[in-house]
Amino acid sequence: QLYYLARRKLTPSKAREQAWFRWMYGDELEDCVSAAFSKANFPDADESTLASRRLKWASLLRRFQKYGHFSTGNRVQIFEGGDACYTEMLHCIRVARRRVWCESYIFDHQMVGETFFHALLFAARRGCDVVLLVDYVGSFGFPEEWVAELRRAGAHVGFFNPLLPATDSVGPMSFRDHRKVLVCDSVAFCGGMNIQEEVGEEVFGTSKFYDVHAKLEGPCVADLADVFRDSLRENGGRIEREPIDRPEPFEDGVYVQILQSNVRQRRRTLQKVLTRAINAADESISITTAYFFPPGFLRRALLQVPGRGVSLSLLLSGSSDFYPVPGDLMAQAHFLRRFLRDTEGWEDRVAAHLYGQRHMHAKHMSVDGIFSYVGSFNYDLYSARRNLEVGVAVFDRNFAQSLQALHQGKLKEARRTTLQDWEYRHPLARTACAIAYCVIRLSGRNVFDGLDCFSRKWLMRKASL
């Protein structure tokens, strides 16, 4: 403080601000925040407003740093649709020389899954360290022949929390690995895409799902690899890996923080950053997600948004992937009816759109056109309280605008839902939706044996296993 007061008498206001920034937050954070809140990015804002927002977001990012590894000098590229993303992922697997670590909730046995299987197999045969971790329930149809062939080639294959044999189980059946991670040497991928034909389009699948994935380069790849290693530990530690070398930063790179959710280890960094980012918004929030029936802490944060004068745009799925009863859409309709009722009078600030062309499976958010998130986290109790999840937070104006552009582009193909829609007014429809919502909420609560990982029941079950 004495240093700051001394500088205050000797330097002009801009220099004083920069000196205080560097003293409080460090050179790298000051450079990122100053570059983001520049006149070029916000030409209509006056200097005092920009200075206030710089201080606010520098303080926020500083607090966020305790929630996960962060780095500057990264490159992040968004891929829209399975064809473009799968093509790039397969290319990175084929050119990898040291390691290929792959983690997916769903790894199907159709054409796209077989293509990835052969890419992993060839990588193992040429000497790469190949590790494949898939969820036992999500990838239940993964062929045993593929497992045997990968292991013969030297790859390590693991199934997360299998039901059988019981000795390999690491928790209750509801404890699932929902992360989607691919690490190929110094390049990584993370987002909402499983390896399944529904995500692929003309080349790789059936185009039933719309999804978004991110390609990462730079120091953040090592941080994402640590999340993959965390998943291996949570699966019993039968497969172990050492941390990878940290890639060199790019001069024109951006600020990236890797977030995760591992409730069993009491790490809810992803949930905390999402909530605090929503609470910090000054202008706008754009959320694209599937399965929208958020837990209480997210619901309360979203309900407070319009009262602060902030616009909230929700792009949700209007097409179900539940068969034969669209339970996800029914539960979502019940929540939306209550949410729209609680935000009634703020129609100019709150808009919910349903995308019905395909099942909306993308999961990303943009706040004030400056802070963004993309990952595997759904706005439901399963992601908030059960599953292993991972996400990438990016503080960069251009990246945030690219996500906003994807959001706005899909809004044009979606329909806005209001309280006048029939599903919110018809008594039978409301009753059916309420039942679906209650069933999903009940299944997500810790009321069954072993579902609360900090209860005595969990400890007894773990001891018995």
Side-chain angles (χ1 to χ4, degrees), residues 60-71 101 103-105 133 135 138 158 160-161 169-172 174-181 183 188 190-192 214 216 219-244 246 255-279 289 294-298 301 363-365 371 373-395 444-446 450-455 458-459 461-462:
L60 273 172
L61 293 177
R62 182 65 174 172
R63 291 201 295 269
F64 287 173
Q65 287 177 353
K66 66 181 178 181
Y67 296 134
H69 296 299
F70 58 92
S71 59
W101 297 351
E103 178 178 10
S104 184
Y105 176 67
L133 178 64
D135 187 80
F160 187 85
N161 194 18
S169 175
V170 294
S174 58
F175 180 45
R176 307 305 340 152
D177 181 5
H178 197 244
R179 293 169 176 169
K180 293 94 175 173
V181 174
V183 179
C190 179
L216 312 176
C220 66
V221 173
D223 300 331
L224 189 60
D226 286 340
V227 176
F228 179 84
R229 294 172 55 244
D230 174 73
S231 301
L232 295 179
R233 287 191 298 269
E234 285 303 301
N235 199 36
R238 288 177 287 272
I239 305 174
E240 295 183 352
R241 288 296 182 273
E242 295 296 320
I244 71 172
R246 204 166 184 80
Y255 182 97
V256 171
Q257 184 171 20
I258 303 298
L259 306 170
Q260 62 169 300
S261 176
N262 184 342
V263 178
R264 190 160 73 166
Q265 299 299 330
R266 306 196 180 193
R267 290 197 291 268
R268 296 179 174 88
T269 64
L270 202 159
Q271 295 92 316
K272 291 176 181 177
V273 169
L274 288 182
T275 306
R276 284 161 174 74
I278 291 172
N279 290 334
T289 187
F297 68 94
L298 283 173
K363 314 161 204 307
H364 58 82
M365 178 180 76
F371 180 86
Y373 160 84
V374 59
S376 66
F377 185 85
N378 290 316
Y379 282 66
D380 60 18
L381 282 175
Y382 303 111
S383 287
R385 302 174 66 175
R386 297 274 182 73
N387 300 336
L388 296 181
E389 304 284 357
V390 65
V392 179
V394 182
F395 186 77
R445 291 188 176 275
N446 299 321
L451 296 190
D452 185 353
C453 57
F454 307 119
S455 69
W458 166 269
L459 297 176
R461 173 172 169 77
K462 187 176 179 181

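Looking at Gln257, its side chain never comes within 3.5 Å of a backbone N or O of Ala393 through a donor-acceptor pair. In this structure a side-chain-to-backbone donor-acceptor pair under 3.5 Å is missing from His178 to Ser383. Side-chain atoms of Arg268 do not come within 3.5 Å of backbone N or O of Ser261 as any donor-acceptor pair. Panel note: side chain Arg229, backbone Arg241; a donor-acceptor pair is recorded below 3.5 Å. Here the side chain of Thr269 pairs a donor or acceptor atom with the backbone of Tyr67 at under 3.5 angstrom. A donor-acceptor pair under 3.5 Å links the side-chain atoms of Asn235 to the main chain of Asn161, judged by distance alone. Formation of a donor-acceptor pair under 3.5 Å by the Arg179 side chain with backbone atoms of Val227 is found in this model.
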Problem set entry | Worked verdict on Asn378 versus Lys363 for side chain to side chain contact (heavy atoms under 4.5 Å, CB included) | CA-CA 7 Å; Asn378 290 316; Lys363 314 161 204 307; 2.7 Å; yes

Exercise. Where do Phe175 and Phe160 land on the side chain to side chain contact (heavy atoms under 4.5 Å, CB included) test, with the steps shown first?
Worked result: CA-CA 9 Å; Phe175 180 45; Phe160 187 85; 3.6 Å; yes

Problem set entry | Worked check of side chain to side chain contact (heavy atoms under 4.5 Å, CB included) between Ile258 and Leu216 | CA-CA 11 Å; Ile258 303 298; Leu216 312 176; 4.2 Å; yes

Exercise. Given Gln265 and Glu234, is the side-chain hydrogen bond (donor to acceptor under 3.5 Å, both in side chains) satisfied, shown in steps?
Worked result: CA-CA 9 Å; Gln265 299 299 330; Glu234 285 303 301; 2.8 Å; yes

Exercise. So Tyr373 and Leu270, side chain to side chain contact (heavy atoms under 4.5 Å, CB included) or not? Walk me through it.
Worked result: CA-CA 10 Å; Tyr373 160 84; Leu270 202 159; 3.9 Å; yes

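Of all heavy-atom pairs spanning Ser71 and Asp223, the tightest one is OG-OD2, 4.0 Å. Residues Val374 and Ala214 come closest through the heavy atom pair CG1-CB, 3.9 Å. Taking each heavy atom of Ser231 and Leu388 in turn, the nearest pair found is OG-CD1, 4.2 Å. Residues Cys220 and Val256 share a closest heavy-atom pair of CB-CG1, 3.8 Å. Listed here is the closest heavy atom pair of Arg386 and Val263: N-CG2, 4.3 Å. Nearest heavy-atom pair, Cys190 versus Leu224, reported as atom, atom and distance to 0.1 Å: CB-CD2, 3.9 Å.
The distance from atom NZ of Lys272 to atom NZ of Lys66, rounded to the nearest 0.5 Å, is 7.5 Å. Annotation: the span from Met365 atom CE to Thr289 atom OG1 amounts to 10.5 Å, rounded to 0.5 Å. Interatomic distance, CZ of Phe228 versus CD of Glu103, reported as 6.0 Å (0.5 Å rounding). Atom CG of Asn387 is separated from atom OH of Tyr382 by 9.5 Å, given to the nearest 0.5 angstrom. The CZ atom of Arg385 sits 11.0 Å away from atom CD of Gln271, with the distance rounded to the nearest 0.5 Å.
Ring planes of Phe371 and Phe395: tilted class, angle from 30 to 60°. Note: Tyr379 and Phe377 have perpendicular aromatic rings, judged against thresholds of 30 and 60 degrees for the angle between ring planes.
You'll find the side chain of Val181 stays beyond 4.5 Å of the side chain of Leu133, heavy atoms only.
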